[in-house]
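Values below: all heavy atoms of this structure, side chains included; hydrogens, waters and symmetry mates excluded. This structure is a prediction, so every number in the text was calculated from the model and none was measured.
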Amino acid sequence: MNVILPSAATASPQTRGAIDCDLHPGVPGIAALLPYMSDFWRDSFVRRGMDGFDLASYPPGAPISCRPDWRPAGGKPGTDIGQLRAQALDGFGTRFAICNTLYGGQVAISETMGAAICSAINDWIAAEWLAADPRLRASIVVPAQAPHLAVEEIERLAGDRRFVQVLLPVAAELLYGKSYYWPIWAAAEKHGLPVGLHAGSMFRYAPTSNGWPSHYLQDYVSQSQTFEDQLLSLVSEGVFVRYPGLRIVLLESGVSWLPGFLWRSVKTWRGVRSEVPWVKQPPAGIIREHVRLTVQPFDVPADDATATADVIRQIGVDDMLLFATDYPHWQFDGDHVLPPGIPPETLRRIMVDNPLATYPRLQESIA
C-alpha cells in the first residue's frame, strides 16, 4: 500500500515527532471482522444477525466520542484510515501511534464469543491498519471476562512486535488486584508488554458506588474513581510485588486527580499497613515506578498555565506522563492537544522519552 509520511508543512510544530499513546480506530461493524473469524463464528454472527457491538461507554453519536471537525460525513468515528492519517498522524506529525480499539468483545457476556471478537479485532488491525502505515502500532485486545482466554490471545500475538501493549477496560467484573486476573499480569510481564487500562466499563455493575447514573456526564466523570479503585487494588493485593516487571498504563484517566490520591494512599497506608505486610514501601513510590498515564484529558483549566505545572510538581516525577491525542475523541480543540504550562524540560519527556521507556518494542523500531 501507499504510505503517507508526516509532512513538515502541515504537522503541528509543538507535537512533531511525538509518540501518540492513545489512538482509536473504529470498527465499522461486525461485517468488517467476519473475514478474521473461524467458520463457526462467522456463520453464527451471520445466521443470528448480530451486530451493534459498540460500547455504551463511547456511543458513536455522543459528542465526546468524536470531535466535530473529525466526524466523518458517513459511518462511525475513526473508521476511515485516510482521515486518521490526515487528522491524527500527519496533523500532529506523529512518529508512532498506538491503536487502542474499543469494541464489544471485551464486554460480551459469552466468554467464547468475546474471545472470538477480540481475536478478530487483533487480526483486522494487523492486516488493515498496521500493514497500511508503518507509524501505527497496536494493543492486544483481550477478553477481560475470561483470563485464561486472554492469556491465549497474548501468547498468540506476542511474537508480532507491532503489538506493544495489552488492552483492558478499567471497569471489569472484579478489582484487578484479585488473583483471578494474575494469569494476565504474568503473561504480560513474560513478554515485556505493558497493560493499558482504558476508560470504559463492562457494565456488570453500576459505574458509581451509589447506583446507576441518569446521564452520560455522570458515567464519564465517575471513571476517575474507578481508576483510583483499580490502582489501589493492584498495590494492596501485591500485584507489583509478585510481578515486579509489570507496568500499567492508565488511558484516558485524567491526571489532576492523581496527587490527592497519592497523598491519601500514603497517609492511610501508614495507619493500616499491618494488613498488607507485603506492601513494604508507601503506595506512592510503587505507583510512580509501575504506573503511567496519558495526558488526554489532563483536566486543568485551559486558561491557567500554572495549574499544569503545579499538578506535575505534586505528582513528584515527570516520567509518568505520556503524550496522547485520544483521536477521535473530543478532549480539545484545534492543535491544543497539550495543556498549557508544561515545563519545557518536561515536554520532550512526555512526547518521546517517556513513551519509549514505557513501550520497549517502540525502541526496537527506532533501532
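- Atom-to-atom distance recorded for Asp299:CG and Leu258:CG is 12.0 Å, nearest 0.5 angstrom.
- Within the 4.5 Å cutoff, the side chain of Val241 has no heavy atoms near those of the Val279 side chain.
- Tracing side-chain contacts under 4.5 Å through hydrophobic residues (I, L, V, M, F, W, Y), one never reaches Trp124 starting from Leu149; they form parts of separate clusters.
- Cluster annotation: Val317 and Val235 are assigned to the same hydrophobic cluster (Ile/Leu/Val/Met/Phe/Trp/Tyr, side-chain heavy-atom contacts under 4.5 Å, transitive).
- For the ring pair (Phe, Tyr, Trp, His ring centres under 6.0 Å) condition, the pairs that include at least one residue of residues 287-316, sequence neighbours left out, are Phe240-His290.
- Looking at residues two or more places apart in sequence or on another chain, you find a side chain to side chain donor-acceptor pair (under 3.5 Å) between Ser110 and Thr112.
- Residues Met320 and Ile315 approach most closely at SD-CG2, 3.7 Å, considering heavy atoms.
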Hey, can you pull the donor-acceptor pairs under 3.5 Å for the side chains in residues 27-40, sequence neighbours left out?
residue, atom, partner, partner atom, Å
Tyr36, OH, Glu128, OE2, 2.6
Ser38, OG, Trp41, N, 3.4
Asp39, OD1, Arg42, NH2, 2.3

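- Here the closest heavy-atom approach between residue Thr15 and residue Met351 is recorded as CA-SD, 3.9 Å.
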Pair up each side-chain donor or acceptor in residues 337-350 with any protein partner under 3.5 Å, not counting sequence neighbours, and list the distances.
residue, atom, partner, partner atom, Å
Thr346, OG1, Asp318, OD2, 3.2
Arg349, NE, Asp318, OD1, 2.9

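- Gln165 places no side-chain N or O within donor-acceptor distance of the main-chain N or O of Cys21, the cut-off being under 3.5 Å.
- Here salt bridge (Lys or Arg N to Asp or Glu O under 4.0 Å) pairs that include residues 280-294, with residues two or more places apart or in two chains, number zero.
- Using a 4.0 Å cut-off between charged nitrogen and carboxylate oxygen, Arg361 and Glu364 do not count as a salt-bridge pair.
- No more than 12 heavy-atom neighbours from other residues, nucleotides or ligands sit within 6.0 angstrom of CZ on Arg264.
- Using a 4.5 Å heavy-atom cutoff, the side chains of Leu232 and Phe261 are in contact.
- Inter-residue side-chain proximity for Arg247 and Val291 is flagged as unmet; no heavy-atom pair is nearer than 4.5 Å.
- Around CZ of Arg47, the count of heavy atoms belonging to other residues, nucleotides or ligands within 6.0 Å exceeds 12.
- Sorted by first and then second residue, the side-chain hydrogen bond (donor to acceptor under 3.5 Å, both in side chains) pairs involving residues 214-241 (not counting sequence neighbours) are Asp219-Gln223, Tyr220-Glu252, Tyr220-Gln331.
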| request: Mind running side chain to side chain donor-acceptor pair (under 3.5 Å) on Asp22 and Thr294 for me, showing each step along the way? | output: CA-CA 7 Å; Asp22 192 28; Thr294 56; 4.8 Å; no
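- Asn354 places a side-chain N or O within donor-acceptor distance of the main-chain N or O of Leu321, the cut-off being under 3.5 Å.
- Thr306 and Asp304 share a side-chain donor-acceptor pair at under 3.5 Å.
- Here the two rings, on Tyr58 and His329, have centers that are under 6.0 Å apart.
- Between Tyr181 and Tyr176, the ring-plane angle classifies as perpendicular under the 30° and 60° cut-offs.
- Shown here are the salt bridge (Lys or Arg N to Asp or Glu O under 4.0 Å) partners of Asp310, two or more places apart in sequence or in another chain: Arg313.
- Phe203 and Trp212 have parallel rings, their planes meeting at less than 30° on a 0 to 90° scale where 60° marks the start of perpendicular.
- For the residue pair Thr325 / Asp20, a side-chain donor-acceptor distance below 3.5 Å is found, with atom types taken as modelled.
- Scored by the side chain to side chain donor-acceptor pair (under 3.5 Å) test, Asp51 finds no partners at all (sequence neighbours excluded).
- Residues Asp80 and Arg85 are not paired through a salt bridge, judged by the lack of any N-O separation under 4.0 Å between the basic side chain and the carboxylate.
- Put simply, Leu175 and Tyr243 are part of two different groups of oily side chains (I, L, V, M, F, W, Y) that touch within less than 4.5 Å, one to the next.
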| Check against side chain to side chain donor-acceptor pair (under 3.5 Å), Asp335 and Gln14 | CA-CA 9 Å; Asp335 292 334; Gln14 185 186 32; over 6 Å; no
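- The CD1 atom of Ile184 lies 8.0 Å from the OH atom of Tyr180; values are rounded to the nearest 0.5 Å.
- Annotation: side chain to side chain donor-acceptor pair (under 3.5 Å) contacts of Gln296 (sequence neighbours excluded): none.
- With sequence neighbours excluded, no residue satisfies side chain to side chain donor-acceptor pair (under 3.5 Å) with Arg270.
- Hydrophobic clustering (ILVMFWY, side-chain heavy atoms < 4.5 Å, transitive): Trp269 and Trp278 are in one cluster.
- Between the side chain of Gln145 and the backbone N or O of Ala108 there is at least one donor-acceptor pair closer than 3.5 Å.
- Taking Tyr359 as the reference, nothing meets the ring pair (Phe, Tyr, Trp, His ring centres under 6.0 Å) condition, with sequence neighbours excluded.
- Through side-chain heavy atoms spaced under 4.5 Å, either directly or across other Ile, Leu, Val, Met, Phe, Trp or Tyr residues, Ile109 is tied to no other residue.
- Other residues, nucleotides and ligands contribute only 12 or fewer heavy atoms inside 6.0 Å of the CH2 atom of Trp330.
- Each of Gln83, Arg67, Gln87 was compared with Tyr327 under the side-chain hydrogen bond (donor to acceptor under 3.5 Å, both in side chains) criterion, and only Gln87 meets it.
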